[in-house]
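Quick caveat: nothing in here was measured; it's all calculated off a predicted structure. Along the sequence shown, the residues carry numbers beginning at 1.
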Amino acid sequence: AYFWWDDFRPIALNEKVYKGYVNTSRDHIHGLKGMKYFYDPLKEWLDIYAENQCENGMVWDFFFQRKGIFYSEFKFPPEFSKILDEGRAVFGRQPVMNDVEYTFIHGIHHTWKITGDDDWMKNKLDGCLKAVEYATTSPYVWSEKFQLLKRTFTIDEWDFQSSFDADVVSKDKNIMLTIPGVSKFGAHMCDNIGMFYACNQLAEMLEYAGRSDEAKM
């Protein structure tokens, strides 16, 4: 089996060890769908992102052991990078991405179904609700006009846009940058299907956890 980047090696943060399939949250979650048949379905990779979720509900896309200044620290606005563990670790996210929150919910639901760990799932529900709040309010990812998820003109769900589109917001063709009010946006069908699916998964988990009123929202 092939594991991208870290070859399934554990990563330490604040004296706690985590294991996962891929350093990025969304790729771990997509990989989980197949890797569950070959390796123990691991919860700690989702734990590391849940435990470090931003106050506004944004979910980080990647986590690395930091060996110097990482590109997200100078390429993007400061809210898209976070340094931890006395400078030894970095969380980041490309502003152009809009699928991380709903993919995070997919991962929580899928892992719950694999493991049957009800307590673990229930502990993640508040974070899932915050993720929905971010995804449906942030000017980086949400269209108030159309009430849909939006993104700049990326290659399907990839985290970059063409140099032509990047020219709109960046002098150096920063293909992972988005600036609300400046960038050109569109509503991608797959994003909104993914969000709809995640909301249904979250409603199922809330109902199971006895939070029926929130499940109906």
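Here the closest heavy-atom approach between residue Lys184 and residue Phe153 is recorded as CB-CE1, 3.6 Å. Contact record, Pro180 with Tyr140: CD-CE2, 3.5 Å, taken as the closest heavy-atom pair. When every heavy atom of Met58 is checked against every heavy atom of Asn56, the shortest pair comes out as N-OD1, 3.0 Å. Heavy atoms only, all atoms of each residue included: Gly87 and Arg66 are closest at O-NH1, 3.1 Å. Residues Pro95 and Pro77 share a closest heavy-atom pair of CG-CD, 4.2 Å. In this structure, Cys128 and Phe104 approach most closely via the heavy-atom pair SG-CE2, 4.2 Å.
Counting heavy atoms from C-beta outward, Glu73 and Ile83 have side chains that approach closer than 4.5 Å. When side chains are defined from C-beta on, Asn174 does not count as touching Val169, because their heavy atoms never get closer than 4.5 Å. By the 4.5 Å heavy-atom criterion applied to side chains, Val141 and Val100 are not counted as neighbours. Side-chain contact between Lys82 and Val90: absent, with no pair of heavy atoms (C-beta onward) separated by less than 4.5 Å. With a 4.5 Å cut-off on side-chain heavy atoms, Glu157 and Cys190 count as touching. Two residues are said to be in side-chain contact when any heavy atoms from C-beta on lie closer than 4.5 Å; Leu32 and His106 fail this criterion. Between Tyr134 and Gln53 there is no side-chain heavy-atom pair separated by less than 4.5 Å. Residues Lys16 and Ile48 are not in side-chain contact: their nearest non-hydrogen atoms beyond the backbone lie 4.5 Å or more apart.
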Audit row: Trp142, Gln147, side-chain contact (heavy atoms from CB on, under 4.5 Å) steps and yes/no: CA-CA 7 Å; Trp142 182 250; Gln147 295 292 289; 3.8 Å; yes
Yes or no on side-chain contact (heavy atoms from CB on, under 4.5 Å) for Met205 and Lys122, after CA distance, side-chain angles and deciding distance? CA-CA 8 Å; Met205 292 188 288; Lys122 291 175 183 178; over 6 Å; no
Please determine whether side-chain contact (heavy atoms from CB on, under 4.5 Å) holds for the pair Thr103 and Met97, giving the CA-CA distance in whole Å, both sets of side-chain angles, and the decisive distance to 0.1 Å. CA-CA 11 Å; Thr103 304; Met97 301 178 76; over 6 Å; no
Residue pair Thr152, Leu177: steps toward the side-chain contact (heavy atoms from CB on, under 4.5 Å) verdict: CA-CA 9 Å; Thr152 52; Leu177 185 62; over 6 Å; no
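Between the side chains of Thr154 and Gln161, not a single donor N or O lies within less than 3.5 Å of an accepting N or O. For the 3.5 Å distance criterion, the side chains of Tyr18 and Glu51 qualify, holding a donor opposite an acceptor. Between Tyr208 and Asp118, the side chains place a donor N or O and an acceptor N or O closer than 3.5 Å (distance only, hydrogens not considered). Side chains of Gln201 and Tyr102: no donor on one and acceptor on the other come within 3.5 Å.
Atom CG of residue Leu202 and atom CE of residue Met195 lie 8.5 Å apart, to the nearest 0.5 angstrom. Here the straight-line distance linking atom CH2 of Trp60 with atom OG of Ser72 works out to 8.0 Å at 0.5 Å rounding. Distance check, rounded to the nearest 0.5 Å: CZ of Phe91 to CG of Leu13 gives 5.5 Å. Considering CD1 of Ile69 and OG of Ser81, their distance stands at 10.5 Å, rounded to 0.5 Å. The distance from atom NE2 of His28 to atom CD of Glu44, rounded to the nearest 0.5 Å, is 8.5 Å. We find the CG-CG distance between Leu129 and Leu206 to be 5.5 Å, quoted to the nearest 0.5 Å.
In this structure a side-chain-to-backbone donor-acceptor pair under 3.5 Å is missing from Arg26 to Asp61. Counting only distance, with no hydrogens or angles, the side chain of Glu101 and the backbone of Val59 share a donor-acceptor pair below 3.5 Å. Without hydrogens or angle criteria, Lys150 side chain to Pro139 main chain gives a donor-acceptor distance under 3.5 Å.
Under a cut-off of 6.0 angstrom, the local environment of CG in Leu84 is crowded, with over 12 non-hydrogen atoms contributed by other residues, nucleotides or ligands. Counted within 6.0 Å of CG on Asp172, heavy atoms from surrounding residues, nucleotides or ligands total more than 12; the atom is thus considered enclosed. Surrounding OH of Tyr71 are more than 12 heavy atoms belonging to other residues, nucleotides or ligands, all under 6.0 Å away. For CZ of Phe74, the number of neighbouring non-hydrogen atoms (other residues, nucleotides, ligands) closer than 6.0 Å is greater than 12.
A salt bridge between Asp117 and Lys124 is absent, with no side-chain N of the basic residue lying under 4.0 Å from a carboxylate O of the acidic one.
Checked options Asp165, Asp159, Asp191; the residue passing with Arg151 is Asp191 (criterion: salt bridge (Lys or Arg N to Asp or Glu O under 4.0 Å)).
Linking ILVMFWY side-chain heavy atoms closer than 4.5 Å, directly or via other members, places Val168 and Trp158 in a single hydrophobic cluster. No chain of hydrophobic side-chain contacts below 4.5 Å, direct or via other Ile, Leu, Val, Met, Phe, Trp or Tyr residues, connects Tyr197 to Leu148. In the hydrophobic cluster analysis, where Ile, Leu, Val, Met, Phe, Trp and Tyr join through side-chain heavy atoms closer than 4.5 angstrom, Ile108 is grouped apart from Phe196. Residues Tyr21 and Phe38 fall within the same hydrophobic cluster, defined by Ile, Leu, Val, Met, Phe, Trp and Tyr side chains chained together at heavy-atom separations under 4.5 Å. In the hydrophobic cluster analysis, where Ile, Leu, Val, Met, Phe, Trp and Tyr join through side-chain heavy atoms closer than 4.5 angstrom, Phe160 is grouped apart from Phe185.
In this pair, Phe80 and Phe76 present their aromatic rings perpendicular. The plane angle is above 60°, beyond the 30 to 60° band. Ring geometry for Phe63 against Trp45 counts as perpendicular: the plane angle is over 60°, on a 0 to 90° scale with 30° as the lower cut. Taking the six-membered ring for Trp and thresholds of 30 and 60 degrees, Phe70 and Phe62 have ring planes inclined between 30 and 60 degrees apart.
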